[in-house]
Amino acid sequence: MTTEHTRLVAALRELKAGSGLSLAALAERTPYSKSSWERYLNGKSLPPRQAVRDLCRLANEPDGRLLALWEIAESRWSGRATTPAPAAPTLSTDEPPQSPPQQAPPHTGAGRRRARGRLLLALASAYTVIVGGAAALLFLLLPDSEAREDEPPTASVPFSLAPQCQGAACEGRDPMRLICGIGPDTLASHRTATGAHVELRHSTKCGASWVRTWGTEIGDRVDVTAGGPTHDVRIRNEEDAAAFVYTGMTEVGPGSTVRACFRPASPDGERECFEARVDGPATTTEPPSSSASSSPRA
């Protein structure tokens, strides 16, 4: 199982956990069977692109980031990322034109038979090349099938859904890459005045927290801290704005307080911060009231 496939599986499992749907429920709501979903979510086979989109839809989450992960994982799975395409044959213009073959005299029957034999051989060779090329092209254009899904990946790494870091070892690192984003707790969620969503997430197994945001605009920034280093992330482009974006993780112990802040891209936008306590009740906050938001900004 490739590293890219591992990251995709971790993100898919997080979506499933957030949706609250069982494998049977997924099978009822999508064209894919319960056994297929079991393979997709356990890394046994690569899901079709449409299955990723369906899961995002059922979880009511943007699909931009997950589809980007799928594209990378699929290119590794299929070998397109490592196997160069064969060079197309080229015609050389340096060689002098060949003179036409001399025809056998009309009265020579053996010459005519040899000419017909050569012609039939050339036609058979051309037919083989055309049919073989068409079959290869048809195979490449066929949609994903159960047979291809059951094929082992060409390149793999040791696979585990166990978290890959703990406590201080997680500091500043990607929660999805290190498998801390599977089934995390949402400590608090906040909707900003611009309509962006910001969540404080926490993994007990990793002993770390981070911020997840979506519905953002290019130039927005979020950060997280728990009394130690502050880790932030900026929305750089339209792809970021259409997907989930995560800060790096910060080490958090039981009972600690975590703080998240959102800074809008607009120069006159106000910074919005909120806090949550690990092991405390989850909280949800909304943007300021219309009267407050219409008041002059400092």
Side-chain angles (χ1 to χ4, degrees), residues 7-8 10-19 52 55-57 59-70 170-203 206 208-252 256-278 280 282-288 293:
R7 293 184 64 190
L8 175 65
L12 292 176
R13 288 174 66 93
E14 182 186 14
L15 274 188
K16 176 187 176 296
S19 70
V52 176
L55 183 55
C56 290
R57 173 179 54 81
N60 195 28
E61 302 285 8
D63 61 11
R65 180 178 182 274
L66 271 295
L67 291 179
L69 286 176
W70 181 88
C170 297
E171 194 70 49
R173 304 179 72 182
D174 186 339
M176 303 305 295
R177 179 182 292 275
L178 296 181
I179 322 298
C180 293
I182 296 181
D185 298 321
T186 299
L187 303 180
S189 59
H190 173 71
R191 186 178 179 187
T192 71
T194 62
H197 296 266
V198 184
E199 287 183 343
L200 269 172
R201 311 279 273 177
H202 177 74
S203 169
C206 291
S209 295
W210 63 94
V211 165
R212 177 176 78 164
T213 185
W214 71 96
T216 51
E217 299 177 0
I218 298 175
D220 290 348
R221 188 183 297 270
V222 293
D223 61 59
V224 63
T225 183
T230 298
H231 304 292
D232 67 351
V233 65
R234 180 178 176 272
I235 310 304
R236 301 165 298 174
N237 49 43
E238 292 183 359
E239 183 178 338
D240 284 351
F244 291 122
V245 176
Y246 302 82
T247 67
M249 292 182 282
T250 184
E251 180 184 10
V252 177
S256 300
T257 298
V258 192
R259 179 181 176 88
C261 290
F262 171 84
R263 288 174 284 175
S266 173
D268 60 347
E270 293 181 346
R271 186 184 186 195
E272 301 177 42
C273 298
F274 60 102
E275 296 182 347
R277 183 175 177 272
V278 177
T283 61
T284 301
T285 56
E286 294 293 330
S293 60

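Throughout, residue positions are numbered sequentially from 1 according to the sequence presented.
Taking both residues in full, the closest heavy atoms of Glu217 and Ile235 are given as O-CB, 3.4 Å, listed atom of the first, atom of the second, then distance. When all heavy atoms of Ala11 and Arg65 are compared, the closest pair comes out as CB-NH1, 4.2 Å. Residues Trp210 and Gly248 approach most closely at CB-O, 3.8 Å, considering heavy atoms. Here the shortest heavy-atom pairing between Pro175 and Thr247 reads CD-O, 3.5 Å. The minimum heavy-atom distance linking Ala282 with Thr186 is given by the pair CB-O, 3.5 Å. For the residue pair Ala241 and Thr216, the shortest heavy atom distance occurs at CB-O, 3.6 Å.
The SG atoms of Cys170 and Cys206 lie 2.5 Å or more from each other.
In this structure the side chain of Leu8 reaches within 4.5 angstrom of the side chain of Leu66, judged on heavy atoms. Between Val52 and Asp63, every side-chain heavy-atom pair lies at or beyond the 4.5 Å cut-off. Here the side chains of Ser189 and Phe274 are not in contact, with every heavy-atom distance at 4.5 Å or above. The side-chain heavy atoms of Val224 and Thr230, taken from C-beta on, include no pair separated by under 4.5 Å. The closest side-chain heavy-atom distance from Val252 to His202 is below 4.5 Å. Annotation: side chain of Tyr246 is in contact with side chain of Met176 (closest heavy-atom distance under 4.5 Å).
Here the side chain of His197 pairs no donor or acceptor atom with the backbone of His190 at under 3.5 angstrom. With Glu272 contributing its side chain and Ala193 its backbone, the two residues share a donor-acceptor pair below 3.5 Å.
For residues 226-236, the set of pairs meeting the salt bridge (Lys or Arg N to Asp or Glu O under 4.0 Å) definition, not counting sequence neighbours, comprises Arg221-Asp232, Asp232-Arg263, Arg236-Asp240. Applying the side chain to side chain donor-acceptor pair (under 3.5 Å) test to every pair with at least one member in residues 170-180, sequence neighbours left out, gives these pairs: Glu171-His231, Glu171-Thr250.
To the nearest 0.5 Å, atoms OG1 (Thr284) and CD (Glu199) are separated by 8.5 Å. The SG atom of Cys180 sits 11.0 Å away from the CD atom of Glu14 when rounded to the nearest 0.5 Å. Atom CG of Asp220 and atom OG of Ser266 lie 9.5 Å apart (nearest 0.5 Å). Rounding to the nearest 0.5 Å places CD1 of Ile179 at 11.0 Å from OG of Ser203. With rounding to the nearest 0.5 angstrom, the CG atom of Leu178 is 9.5 Å from the CZ atom of Arg7. The distance from atom CD of Glu275 to atom CG of Leu187, rounded to the nearest 0.5 Å, is 12.0 Å.
Using the six-membered ring where Trp is involved, Phe244 and Trp214 have ring planes that are perpendicular, over 60° apart on the 30 and 60° scheme.
Between Arg277 and Ser256, the side chains place no donor N or O within less than 3.5 Å of an acceptor N or O (distance only, hydrogens not considered).
Open room surrounds CG on Asn60; 12 or fewer heavy atoms of other groups in view lie less than 6.0 Å from it.
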